[in-house]
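Every heavy atom of this structure was used, including side-chain atoms; hydrogens, water molecules and symmetry mates were not.
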Amino acid sequence: MTAFWAQAAPGWVRHAERTDTVGRPLGAAAIERLGPAPGRVVDVGCGCGGTTAELAAVGVDVSPEMIAAARRRFPHLEFVCADVETLDEIPGAPFDAAYSRNALMLLADPVAGCTAIRRSLRPGAPLAAMVFRDMAANPWLPAALLGAAPHVGALPPLPVGDEPGPFAWAEPGRARRILAAAGFDGIEVEPVDVVLESPDEPGTVAEWLIELGPAGAAYRAAPPEAQAAARDGAARLLARYRGPGPGHRLPAGLWLVTARAR
Ligand SMILES: C[S@@+](CC[C@H](N)C(=O)[O-])C[C@H]1O[C@@H](n2cnc3c(N)ncnc32)[C@H](O)[C@@H]1O
């Protein structure tokens with residue numbers, strides 16, 4: 001997964017602003033759940049730091065490139081480059097709350113990662129995390145990949161079943177089992193449905209979604225005509241989410257996962 005995030009990082013860095021603005025609804029429910037003054041918060045799998053800045057948190061992420069971008073973008077905040085699965089505690093612990101947007105389902109050993117998060121919290125402190133539900137609730141995610149794939153080189157193996165990937169926590173019992181094993185109590189898993197309003201041109205939206213996903217590295221390595229064909233292919237499959245009016249409306253289905261450290 002470290003290698004996967006190393007090859008994915010350039011796309012995340014390049015599109016950080018768009019991911020912050022268009023992607024904001026993906027994390028809003030968990031931010032609201034933590035409330036107005038949650039104390040010292042750690043943002044796990046913080047990427048390029050957009051939500052870390054919203055929460056004035058400490059950000060932790062395994063990707064050196066994304067942490068470097070987060071430090072450039074938000075020099076007043078603290079960012080730690082580390083794999084949470086290999087830590088006893090996140091540097092800077094104890095924290096008063098933990099937040100995570102679309103990262104926990106990407107942990108290769110989620111019990112180890114969530115145990116490190118729990119150990120980094122004061123007893124009773126809350127965790128509020130968002131993870132994607134299944135592919136059917138997030139149809140634009142595979143659409144961008146399927147539209148681009150025929151036009152670019154080989155992709156990394158796609159996750160199946162419980163393997164780390166966007167839909168690895170789709171079955172809500174999985175979140176409960178992992179967090180209980182990691183030492184959390186009061187685990188709640190609630191559905192949240194949002195719409196991502198993306199005002200950009202179809203080619204721009206297609207490129208953003210291709211570059212954030214597993215075709216990103218192959219897309220960047222492809223010649224310009226293959227890149228254009230990949231954007232067109234993705235844009236065609238994303239056309240059903242256009243309008244009304246300019247831009248796209250992408251329906252996203254998530255779980256809001258909340259718990260308290262034992
Ligand atoms: C889908 S991205 C989400 C980034 C950010 N939270 C957002 O919503 O824009 C998942 C992030 O989790 C990070 N990540 C994956 N496994 C990790 C691990 N074991 N330890 C720390 N970060 C990890 C990746 O590097 C990546 O930045």
Side-chain angles (χ1 to χ4, degrees), residues 1 5 19-20 23-35 38-63 66 80 82-85 87 89-90 92-122 124-134 137-138 141 162 164-194 252-262:
M1 288 310 289
W5 285 105
T19 302
D20 285 355
R24 197 179 174 283
L26 295 173
I31 291 182
E32 276 162 31
R33 190 57 64 92
L34 288 179
R40 285 187 72 242
V41 182
V42 61
D43 181 0
V44 178
C46 65
C48 299
T51 55
T52 321
E54 255 188 88
L55 285 159
V58 172
V60 57
D61 200 285
V62 74
S63 160
M66 286 200 243
V80 177
D83 177 351
V84 291
E85 293 164 56
L87 295 175
E89 267 189 7
I90 298 167
F95 295 96
D96 301 304
Y99 171 84
S100 182
R101 184 176 85 175
N102 290 340
L104 296 186
M105 73 275 187
L106 302 165
L107 300 178
D109 184 343
V111 174
C114 292
T115 300
I117 297 169
R118 194 260 305 152
R119 279 205 213 101
S120 307
L121 290 170
R122 295 183 198 284
L127 162 74
M130 306 302 299
V131 292
F132 284 119
R133 298 207 307 273
D134 61 8
N138 299 280
L141 247 157
D162 284 354
F167 309 121
W169 284 32
E171 188 260 303
R174 184 122 200 266
R176 290 179 197 283
R177 288 192 295 277
I178 291 167
L179 291 178
F184 283 93
D185 283 332
I187 303 157
E188 304 277 355
V189 182
E190 304 159 49
V192 172
D193 290 284
V194 297
L254 302 122
W255 295 121
L256 166 60
V257 180
T258 54
R260 292 205 171 264
R262 221 174 268 154

In Å, rounded to the nearest 0.5 Å, how long is the span from [atom1] of [X] to [atom2] of [Y]?
X      : Y      : atom1 : atom2 : answer
Ile178 : Leu104 : CD1   : CG    : 8.5 Å
Ile187 : Leu179 : CD1   : CG    : 5.0 Å
Leu106 : Ser100 : CG    : OG    : 8.5 Å
Met105 : Arg133 : CE    : CZ    : 13.0 Å
Thr258 : Met130 : OG1   : CE    : 10.5 Å

Between [X] and [Y], which heavy-atom pair has the shortest distance, and what is it?
X      : Y      : result
Asp96  : Pro126 : O-CD, 3.2 Å
Ala252 : Leu26  : CB-CD2, 3.9 Å
Phe95  : Ala125 : O-CB, 4.1 Å
Ala182 : Arg118 : O-NE, 2.8 Å
Ala93  : Glu89  : CB-OE1, 3.6 Å
Pro164 : Leu107 : CB-O, 3.8 Å

- Message: side chain to side chain contact (heavy atoms under 4.5 Å, CB included), that's the test. Do Leu87 and Arg119 meet it? Break it down for me.
- Response: CA-CA 10 Å; Leu87 295 175; Arg119 279 205 213 101; over 6 Å; no

Evaluate the side-chain proximity of [Y] to [X]: yes if any heavy-atom separation is below 4.5 Å, no if none is.
X      : Y      : result
Glu54  : Asp20  : no
Glu171 : Arg177 : yes
Leu256 : Arg33  : yes
Trp169 : Pro110 : yes

- Query: Between Asp185 and Arg260, is the closest basic N to carboxylate O distance under 4.0 Å?
  - Reply: no

- Can you check side chain to side chain contact (heavy atoms under 4.5 Å, CB included) on Val62 and Glu85, steps first, answer last? CA-CA 10 Å; Val62 74; Glu85 293 164 56; over 6 Å; no

- Message: Within the supplied structure, the quantity of interest is the number of heavy atoms (other residues, nucleotides, ligands) at a distance under 6.0 Å from Arg24 CZ; does it exceed 12?
- Response: no

- With no hydrogens and no angle check, is any side-chain donor or acceptor of Thr52 less than 3.5 Å from a backbone partner on Asp43? no

